[in-house]
Amino acid sequence: MDQKHVHPLLVKYARIGAYKQPHCPGCGNGIVAQCMLRAIDELKLDMDKIVFASGIGCSSWIPSPLFNADVLHTTHGRSLAFATGVKLSNPELRVVVFTGDGDSAAIGGNHLIQAARKNIEILTVLVNNRIYGMTGGQVAPTTPHGVKTKTTPYGNLEYPFDLCKLVEAAGASYVARWTTFHTRQLVSSMKKGLLKKGFSFIEVISQCPVQYGTFVGIRDPAEMLHIFRKISVPFEKAKNMSREELEGKIVIGEFVDIERTGLAEAYQRLLEMMNL
Amino acid sequence: MDQKHVHPLLVKYARIGAYKQPHCPGCGNGIVAQCMLRAIDELKLDMDKIVFASGIGCSSWIPSPLFNADVLHTTHGRSLAFATGVKLSNPELRVVVFTGDGDSAAIGGNHLIQAARKNIEILTVLVNNRIYGMTGGQVAPTTPHGVKTKTTPYGNLEYPFDLCKLVEAAGASYVARWTTFHTRQLVSSMKKGLLKKGFSFIEVISQCPVQYGTFVGIRDPAEMLHIFRKISVPFEKAKNMSREELEGKIVIGEFVDIERTGLAEAYQRLLEMMNL
Amino acid sequence: MKKVRIHINEDLCKGCGICISLCPNKVFAKSEEISSKGVFLPVIIHGDKCIACRICEEHCPDLAIFIEAQDVEK
Amino acid sequence: MKKVRIHINEDLCKGCGICISLCPNKVFAKSEEISSKGVFLPVIIHGDKCIACRICEEHCPDLAIFIEAQDVEK
Amino acid sequence: MSSGANKIIEPGTHFLMGNEACALGAVVAGCKFFAFYPITPANEIAEYMSVLLPKVKGIYIQMEDEISSIASVIGASWAGRKAMTATSGPGFTLMQENIGYAVATETPCVIVDVQRCGPSTGTPPLPMQGDVYQAKYGSHSEYPIIALAPSSVKEMFTLTIESFNLAEKYRTPVILLSDALVGHLMETFEIPDLSQIEIVERKKPDKETSDAKYFLDEDVAPMPVFGCGYKAHVTGSTHDEKGLRNVEDPVYVDKVVRALHRKIEKHKENIVKVETKFLDDAEIALLTYGSVARTAIHVVNQARKTGIKVGIIRLITLWPFPDVQVQSAARKTGRIVVMENNLGQVVNKVSEVAAKYADVKFLPPRIIGSLHEPEYVINFLKEVY
Amino acid sequence: MSSGANKIIEPGTHFLMGNEACALGAVVAGCKFFAFYPITPANEIAEYMSVLLPKVKGIYIQMEDEISSIASVIGASWAGRKAMTATSGPGFTLMQENIGYAVATETPCVIVDVQRCGPSTGTPPLPMQGDVYQAKYGSHSEYPIIALAPSSVKEMFTLTIESFNLAEKYRTPVILLSDALVGHLMETFEIPDLSQIEIVERKKPDKETSDAKYFLDEDVAPMPVFGCGYKAHVTGSTHDEKGLRNVEDPVYVDKVVRALHRKIEKHKENIVKVETKFLDDAEIALLTYGSVARTAIHVVNQARKTGIKVGIIRLITLWPFPDVQVQSAARKTGRIVVMENNLGQVVNKVSEVAAKYADVKFLPPRIIGSLHEPEYVINFLKEVY
Amino acid sequence: MTRTEIIIGGFGGQGSVLAGVILGRAAAYDGKKVAQSRSYGAEARGGAARSEVVIADEEIDYPLVITADYLVAMSQPAFERYVSKVKASGLVVIEEDLVRPERKLPENLKLVKVPATKIASREFGRPMVANMVMLGALAALTGVVTIDSLIKSIRASVSKGMEEINVAALKKGQEYTSAMVGGVHETS
Amino acid sequence: MTRTEIIIGGFGGQGSVLAGVILGRAAAYDGKKVAQSRSYGAEARGGAARSEVVIADEEIDYPLVITADYLVAMSQPAFERYVSKVKASGLVVIEEDLVRPERKLPENLKLVKVPATKIASREFGRPMVANMVMLGALAALTGVVTIDSLIKSIRASVSKGMEEINVAALKKGQEYTSAMVGGVHETS
Ligand SMILES: Cc1ncc(C[n+]2csc(CCOP(=O)(O)OP(=O)(O)O)c2C)c(N)n1
Ligand SMILES: Cc1ncc(C[n+]2csc(CCOP(=O)(O)OP(=O)(O)O)c2C)c(N)n1
Ligand code: SF4
Ligand code: SF4
Ligand code: SF4
Ligand code: SF4
Ligand code: SF4
Ligand code: SF4
Ligand SMILES: [Mg+2]
Ligand SMILES: [Mg+2]
């Protein structure tokens, strides 16, 4: 490929031969990928000391194969459990998990809350497109009430998770939500998460023009980004809004940012004590 | 057995030949069992229209085989998923799940939060003895920080879940916590839960004199009940206490009590609409 | 006043001692003899002090104890 | 003032139109021709209006577009 | 509960995807509960079920994973509904613990496994026949199972119905072992008048029985339904005929394991189905099943024209294994070539039961994960012939 | 990393439970990561590991379930640690998806399955040998596995070490198929000087290689370790030698499936171990493994005294199946009696490979879930002799 | 036994699979036995998609294409990959602007070029219906299915509201090629 | 081959398993080969518990009891269940207050009664150490292991702080029966 026209972040951080993103045209996952590379670049982190883990789903292809680093593309829903083994084994490695709303809010829900409770030093980026993208548009535990999908032809009878609230209740050290429109805030959150010594969770509301878009009648990815901008409400402002006012809105911002000893560090302390 | 000396609740509600509780002497699970039978008795419910489901663990033996009703003793951690199938299939049945902190806060954590999110009309009684009782005293996701157990010989490095907070964040309609000392409050909560048209969750902090008791050095079940009484703080009072003041305390009370359409009812409405 | 009968079921009781310890009026004591099932049963030592509060009954994990109480004329 | 170069990588671009739609200054338009890969690429129609805000770059899902900007003397 | 299928299905020629035919078959069989977790290449079954079921008062629910999907199916079955789930490889693996529970508790239900390429995540949209042994041995310990292998869209319809019938008749989970090829294939096929299709309904116990034994019968015990006063006690722990747990004495383990096997062994003759063609004068038999049978049938038709005396034995039932039928084919032909889309599974069973009677050869596809090409098979036959 | 085991283990006579011996063996082998979810009858392995590991800078972690236990073990292995988990029936079932992942990604790790009575929850503290086929076929699709069966406390120690050695040598998960009897048995046995025990260390790739191929080697590819600049790409999807995903073309499926099998087949001779006794002049061979072998050895010792010419072939390796050795025993004796604590698993493999050469009979225990009693076996032998 | 085999291939998103389904269903309406199969890339995304249709008068045993009678190629990779599967004297219909057949053409193959995407964009503003243009062309050139059945099939297969535009595109394809019937380009 | 087989049985919680472990470890200290196995009720709870110990000079093949030389019975059910496994001329030691041997006794069995729980309660206020009293009695009556090894074994087996009381209980059992050696009750 003509390197002249290749994005500097790709030249610097992409696996050779993996420049081409594996996602559909206009998919938000690529935006998230770019934000992560930018965060790493701005922090000047060594890619050789980061492990990227992911599960199964479109969002789980963000680092795989694009990122030129150690990449652990695992089974559906289990990436956080794999990542826990990596982090405990070598606490000097930074561990970043990319996952989807099906991957970590459906089948992997337990690993998500347990990782938060354990406060294991992992940054988790959950790309929430409110649908199962990869398998073709089935309802997810994040799909809004009433929405028709491939498997809710008469409308979704269930209610979606507020994932940030859930992860906060489970004990995470850092919790934030942005959309793929809010790339700069997202990069800055990612930088915080990369440096945090505890479990960090960033939910990114993302467009899936091909599946979710089809069901809600908005197939244009750019239009989705415009809508994200319009319906996003900063956390601070949302506090003073009623439940009705918040209907259909996306509350964005940083919800939690506390300090508590992470599990890998606690374990290292134990080892030091035992092996004096 | 000499029926004269048999507890009236056993005569009325116990399976023939199952009068003898399968738990260790002084175990809190029996107290929870009695409270449930009392709640049913006070509400004059028909046992033939209640299904009791449970997982695997000492606490999962509460209805099995004692309760003379339909009992579904399932696999470890999965009782809520089985119960969901029962409830959706026959919404006229009341469904009650007994589970443990290992059963539903470790392996079954996902099913717990999903059931809460779906707001399926099931009453879940989680007996939290802060340990794996049945398997012999290993650390649980509810074991307090620092406690030594069979598998944390140097002290627990992790932090316990606040299960009520977690289930609330997931979307439950009714959430309460009591201890085995608070039998009357527990009975009254159970009555509410039995009548609730949404997901109800009652956490009961319970004594396990044989396993947990051994590790914390309190093997006398009565002493544990006295301690529960002492360290319990009503929710309303706890609101005004600092994090430090609450250290080592048990916050008891009703945390959530709201109305939201349950999933089984929503499904019934859909069926009615479709089959007009 | 109440006429109270305390029933202890020796087949079910596991000798945990909860009833003994929780009774506000110290109605029970622990037996000194081991039963054929290897259990030290509670024995009623102050039956007359029982006020039928049912604390013992409600906290017995084995439903091995219950109170029959009848109101009687004073 | 800035000297700006907009790079569009035709091998990577999938023609999603995000850059076209998000650019505050309408620098791009959609090509009328289908590329050999079946894609309608963005074309620069008002390159001079670009202020190097990088909104297009940061929102391109395929890292197919980026801005080279140099400060130049006025 | 009537199936209500006549409201939504017309007899006559249909052009459907295998997965859709499966959904239709389920509804015809009286399926009233379907739980699912999305996975390629099984999704179309669910998508169609989500449309169909509410029309016949059935329940479609998407669960948080495959473990809970099969769990809710078992719960639904005890609540009296005919129930099914569908999945593929990784999901089938996750279901195994509760499939074992269903076997142990004698819970009728149907599990469709639309096999894809593995191991692990593998290649989801491509077909393979790697889960044959897993269907029987995927859950720990020892238990019997029934598994059927459809070869066509038509059989996705008929064998789904048969799966329900067997499940209800013998109180057991039944596995429909399809694959990505048959699942995604669209074909024309005929649906007869629904009244001509045999549908088996569950046998319920008399209410009067005081000493109720709902499990581990000499034959098949009638099955109580929750909410009807049976006071059923259902457990995956070792139990007695009343369903009550005994986890002290190996005698009970022995009883459970043997009773579960006896139930299926006893009725094996009624369960097992194979299809044979040209076997009578065959000097070589192609033994095959599922999608691969399509090549085999083609090859046999072609080969006969060129004078090669080859016959076919197509296993419709994979478990319990059709040993009698395979042995008879072995005796008849003396030479068996096993064709399957894997590195050798059914061929092991064939050797086990028939190596004494026939020379058993194995022919995997040229490229695992694809159908055997007719030419490739014919060349192989010419070589060995 | 040095195992550090000499800090905590004295050579000489030990009186330990099988599960404890397993933990000790793991530490001696250099295990530095152990993840677990409690389950009877495997708990003592974990309890001892939680005490031992921190003393040798190892990690003990209790995870939220078995799925995450094996997941974290795989993660730890890629981070460079020798890693193990232990479980029993239901937990082994739940681990299967990720065991398949470990096979597909060529991740060394050890899984101890202390088998208990099933099916389903069954009877946890009692022994059974129900998981033999599951060890090979429990995960979907087709893959090879290595599984060993210890017969004594001593072998819980030695074969745990052997499991690690094989895992590291061949980049594969290895299953130690123990059972509740051997796991909970306490026995005296000797631990030699640790320097006399062979420990295999992982082969790492040269850093210089520009065109790094870390997977699907003709033999066994060296394994990159995370954090060292290898930029490894590890996926359970179908992949090429570089680990990069290709989920379009069946050619890649074929390549993965065959390469994984080739790796084990190629070294089968070095992997497979059986123990034979009195076979030379035997007129009948007892074929057995694991705890049941204890009865068989006893019986053979007794029978020889009464003139019954019976020999024994004890399988130490169950997978890959020792077909050559079994066939040789079959040829020698002409009669094989298979003894195992189930309704017939290894006996199927024996028939498959040896029915042509010997009469194969199956002898389950009198009561499934318990050891064969010596008298029962002797009576059987007298009958068939 | 009559047995006609068709391959339709293109980029993911061009609707090759849907075209195969519509073709198959049309043949079914014509009273034929039909087997239609598909292949596409990983789960949802896909870089390439292919549809195979086998049409016969009797039961179809082997359901995949053995040697194709017709190939419809809407992308260069699809053309290159499948052209070798077309039998001698078979017909290849290509998307004129997306396929450059120069190099890879075996002898005796008949080749027809259709600017389907251009037609679809120009006439309907919807490049996605290029697949129907191609289908119309194929039907007109070969008569493998009747146009009536194709129209019925489109109505039964596409999402509500999209029926007429698809039918119209089909007809455009039919028109574009019907002039050529009997006189298609020979392999160069 | 010398092979001595012992069964120790009782209610769950009486420490039959621990007694077996201590006995086995003591035999190991004596230089013997030992196999000790256990059985107890469902996972933690247990209504009954049993320990089997096989002691030999050579490698032990079959590790379970075939016919017991000695039975230590601390509960009625344990006695009734295992007494038939004791070989003719074997020895049975029973907890005097918890086992009523009247009915089930085969001929030729030697029987010794020890009021172990009473001794444990009376002397130490801890009924749980009755198992050590029984073990002391068994060792004194049979010499199957040395008392020194038993004491060492107790120290290595019980939880910290509980060593001395267990050793003391062992000695009480030893004392109680040592007078009897050679003159134990014959089966009535
Ligand atoms: C055990 C298992 N079940 C199901 C699947 C099929 N599957 C692949 S991706 C996926 C869901 C993807 O949804 P999400 O995590 O939201 O990712 P997205 O594609 O939407 O980014 C599923 C269910 C699988 N691979 N493994
Ligand atoms: C899949 C599976 N894993 C592990 C077990 C073993 N097991 C039985 S009960 C239990 C935990 C019990 O803990 P909890 O739920 O807290 O119940 P408790 O006994 O404390 O009441 C476990 C891990 C099992 N039965 N199944
Ligand atoms: S299906 Fe949706 S989430 Fe997946 S790659 Fe396509 S647009 Fe993105
Ligand atoms: S182990 Fe603990 S929780 Fe279980 S029955 Fe005994 S006391 Fe109760
Ligand atoms: S509380 Fe119940 S079990 Fe405990 S001692 Fe009293 S009567 Fe017995
Ligand atoms: S009822 Fe109250 S007063 Fe009477 S014995 Fe029980 S606890 Fe004591
Ligand atoms: S945003 Fe990127 S992929 Fe989309 S049209 Fe612009 S350059 Fe192409
Ligand atoms: S940098 Fe800003 S102004 Fe320039 S083209 Fe991109 S979006 Fe438009
Ligand atoms: Mg998603
Ligand atoms: Mg617990």
Side-chain angles (χ1 to χ4, degrees), chain A residues 22 54-58 60-61 64 72-79 81-82 100-113 129-143 147-161 163 166 208 211-212 214-215, chain E residues 8 17 19-20 23 33-72 85-95 114 116-125 180 183-184:
Chain A
S54 67
I56 301 291
C58 303
S60 293
W61 283 14
S64 160
L72 188 62
H73 178 241
T74 71
T75 48
H76 188 40
R78 317 302 178 187
S79 51
F82 283 80
D101 49 326
D103 200 48
S104 275
I107 192 169
N110 198 27
H111 311 303
L112 179 62
I113 58 176
N129 55 6
R130 296 165 294 173
I131 200 90
Y132 293 86
M134 182 163 275
T135 48
Q138 298 82 6
V139 69
T142 46
T143 306
V147 167
K148 292 185 182 177
T149 69
K150 273 258 187 68
T151 50
T152 53
Y154 312 113
N156 184 17
L157 301 178
E158 301 183 8
Y159 293 87
F161 272 130
L163 289 173
L166 184 71
C208 166
Q211 301 297 349
Y212 192 77
T214 303
F215 298 116
Chain E
I8 51 174
M17 193 184 285
N19 282 342
E20 293 167 337
F33 187 95
F34 182 79
F36 189 67
Y37 187 74
I39 192 161
T40 305
N43 292 312
E44 297 81 5
I45 301 176
E47 288 157 15
Y48 205 21
M49 284 304 251
S50 73
V51 172
L52 295 178
L53 277 177
K55 296 184 184 174
V56 296
K57 298 202 180 122
I59 311 269
Y60 172 91
I61 180 151
Q62 203 168 298
M63 294 292 287
E64 53 269 25
D65 58 17
E66 290 88 351
I67 294 175
S68 44
S69 296
I70 176 76
S72 69
T85 183
T87 187
S88 182
F92 193 47
T93 301
L94 288 173
M95 287 185 184
V114 187
R116 65 189 219 181
C117 281
S120 195
T121 305
T123 297
H184 279 165

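Keep in mind that the numbers below use all heavy atoms, side chains included, and drop hydrogens, waters and symmetry copies. Here is how names work: the chains are called A, B, and so on, in the same order as the sequence lines, proteins then strands, and each is numbered from 1.
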Practice item. Measure A:Thr74 against the heavy atoms of chain E and call it side chain, backbone, both or neither at under 4.5 Å. Key: backbone
Point to revise | E:Glu66 side chain near A:Ile107 side chain, heavy-atom distance below 4.5 Å | key: yes
Review point. To the nearest 0.5 Å, what is the distance between OH (A:Tyr132) and OG1 (E:Thr40)?
Key: 12.5 Å
Practice item. Over 60° means perpendicular and under 30° means parallel, so classify the ring planes of E:Tyr37 and A:His76, tilted if in between. Key: tilted
**Study point:** E:Pro38, part contacting chain A, at a heavy-atom distance under 4.5 Å
**Key:** both
Point to revise | Straight-line distance of A:Thr143 OG1 to E:Gln62 CD, nearest 0.5 Å | key: 8.0 Å
Study note, to complete from the structure: If one checks every heavy atom of E:Ile61 against chain A at 4.5 Å, the contacting part turns out to be side chain
Practice item. Would you indicate whether the side-chain heavy atoms of A:Asn110 and E:Glu64 approach each other to under 4.5 Å? Key: no
Check your understanding: Just how far is it from atom OG1 of A:Thr151 to atom CG of E:Asn43, taken to the nearest 0.5 Å?
Key -> 8.5 Å
